[in-house]
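Chain A is the first sequence line, chain B the second, and so forth, proteins listed ahead of strands; every chain is numbered from 1.
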Protein chains: 2
Amino acid sequence: MDLRRLRYFVAVAEARSVGKAAERLRMAQPPLSVQIRKLEAEVGAPLFRRGTRGMDLTEAGQALLVRASEALALAADGIEAARAVASGRRGRLSVGYMFVLANAMLPRLIPELRRSVPGVDLDFAELSASTREARVLDRSVTVALCMPAINHPEIQVARIGAQRLMLAMPTSSPLARLSSVPMARLHGRPLIALPHPDHGPASSAVVPLLRRHQVVMPIASRVETVHSAMSLVLAGEGFAILPACAQLGAPRGIVFRPLRDATDSLDIAVCWRRDAQSPLIRTFLKCAERVVAGL
Amino acid sequence: MDLRRLRYFVAVAEARSVGKAAERLRMAQPPLSVQIRKLEAEVGAPLFRRGTRGMDLTEAGQALLVRASEALALAADGIEAARAVASGRRGRLSVGYMFVLANAMLPRLIPELRRSVPGVDLDFAELSASTREARVLDRSVTVALCMPAINHPEIQVARIGAQRLMLAMPTSSPLARLSSVPMARLHGRPLIALPHPDHGPASSAVVPLLRRHQVVMPIASRVETVHSAMSLVLAGEGFAILPACAQLGAPRGIVFRPLRDATDSLDIAVCWRRDAQSPLIRTFLKCAERVVAGL
DNA sequence: GCCAACCCATACGTTTTTGGTATGCCAATG
DNA sequence: CATTGGCATACCAAAAACGTATGGGTTGGC
């Protein structure tokens, strides 16, 4: 059973005439007549009553007509839907994000996305440092907002901004009275350390920073997430060196201060599978860049 | 866009491999590969990700898959529905009946039909003597249960039975005491006359019957329907000569008696358009015959 | 009552499309 | 490094569809 036959059939049924339908289909009348008869042979029953003034559907023809029209529309819709998905006008976008970026970015990113790609189903998921790479690779998220970027040959990275590192401490700390904290004042103070997912147990940016300034901070605790770090800071367990945007998720009782004479920063990056390159991802990237630009 | 392409596409998507799908479709792998690429060209975007271990749908491919499967199913269902209608397993049957037959036949005919053609939408309409022919011709009823048959070149008739003519009179009439009424006793009594739809104003069977027995009955009233006739009989306006089955619709106060030495009867017939010949009508005919046989 | 017009069906040659076979290319695997 | 598994390409043969020419039946006008 061929879709063209059904298309012809619908045309003839609507025109109630082979000749008229042939004209509308821009083809000759005889081949159309032949196709209709082939369809009837396939069904095994007449679909039209041939009158002297054209053709008229039989009951069997009417039964076929409704379904054939629907099938035609569905097939056309399928092609169109595939195009829309390929072009990024429709589809599904699963956005992974790391907690540090959530408070700074999501409130502006989500409306921006809904505006930019209104036909797309959006879905958001927090990523942990340890699983984010796997979530991108197995496509359970389409794109990931990361800090810092994922480093993997199959994953493509676009750096869309950076956040200065700041010192996080309890409001009660004596250092909190300074508007910015000299690196030297950190020497000897306890550090709440975050692992870096790629390069071992300590944050990739913090370790070189301390080394460069010849500051030694004993590691008071190792934690997995930024909010664990902030909890421990609030509890007075030590100091954390965190990207500026973490302030927005910080509980009362914690203050952030810039580090004097240290401009080190962590990259904000969008990461996705290299083979999933698509217009939708490009659009997402644009949105994320706009949001970061407004921070 | 061709339905075969969509079928191929679905097969490849389900098999997640061109080779496997080709096997299932009993064709060689290369032409299938070509068809898939043609479909992708038509859509304007890749539908599969080619990996080293087979093919995998892209998001656009997934969007197409759901609709393509549905379209396929609908097309197949359409063909099947047309066959079902043509074979009489499904469809619509509009049954017209004349009032005289309603009480005798419908209570047994309707369940019989529902059992015989469970997939068919049944619909019943009472026919008047004056419009029944037009209702068959314009297809507003598919078949008509008539008494007597319609006489028209475009209408086919199947006689399925007959009903003896009987005398209908008020219970109070002196003739009601007889178990059967000799024709001669009718002479001079008032007649409630029914028109015959084809042959003028008087019932085609009653006029010859009276003439043959040389009985003259003055016409007290002319009525259009059997129940009008019975109303007038009940009112004492006169006698009616009606088919036996009319008894079942008769109100209290009317009795029917056979006519002694007169076996005249009226035909029960099924009538339908000659060009609407169908298995469904044949099935209907069988049912109607069975019902009449059990009267 | 015959002829013209209309419409669908059939026949046949041409073109387009599709399927098969042979083969190439690439990546993963042992 | 060779082998295997899987998709893509090339080329040829077969099938299907389209167009032109034509037949046949019915309607409607003169």
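- For B:Arg92 and B:Asp121, the salt-bridge test passes: some basic side-chain N is under 4.0 Å from an acidic carboxylate O.
- Taking side-chain N and O atoms only, B:Arg37 has a distance below 4.0 Å to OP1 or OP2 of D:dT9.
- Closest-nucleotide positions on DNA chain D for B:Lys20 and B:Val34 were compared, and the one nearer the 5' end corresponds to B:Lys20.
- Inter-residue side-chain proximity for B:Val10 and B:Glu14 is flagged as met; some heavy-atom pair is nearer than 4.5 Å.
- Residue B:Glu23 contributes atom CD, which lies 10 Å from atom P of D:dG6 at whole-angstrom precision.
- With rounding to whole Å, B:Leu3 atom CG is found 18 Å from C:dT17 atom P.
- The only option from B:Ile150, B:Leu280, B:Leu285 that meets the side chain to side chain contact (heavy atoms under 4.5 Å, CB included) definition with B:Trp272 turns out to be B:Leu285.
- Heavy atoms of A:Gly51 sit nowhere under 4.0 angstrom from any nucleic acid atom.
- Evaluation of the ring-ring contact (aromatic ring centres under 6.0 Å, His included) rule for A:Phe48 yields A:Phe9 as partners, not counting sequence neighbours.
- Rounded to a whole Å, the CE atom of A:Met55 is 15 Å from the C1' atom of C:dC6.
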What does the B/S/- profile of nucleotides 18-30 of chain C look like, 5' to 3', with a 4.0 Å heavy-atom cutoff to protein? SSBBB-----S--
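- A sub-4.0 Å separation between OP1 or OP2 of D:dA8 and a side-chain N or O of B:Arg50 is present.
- In this model, the phosphate group of C:dT10 is not approached by any side-chain N or O of A:Ser33 to a distance below 4.0 Å at OP1 or OP2.
- Residue B:Arg90 holds its CZ atom at 8.5 Å from CD of B:Glu80, rounded to the nearest 0.5 Å.
- Rounding to whole angstrom units, CD1 of residue A:Ile36 and P of C:dC7 are separated by 17 Å.
- In terms of the side chain to side chain contact (heavy atoms under 4.5 Å, CB included) criterion, residue partners of B:Arg5 (sequence neighbours excluded) are, by chain and number, B:Asp2, B:Gln35, B:Lys38, B:Leu39, B:Glu42.
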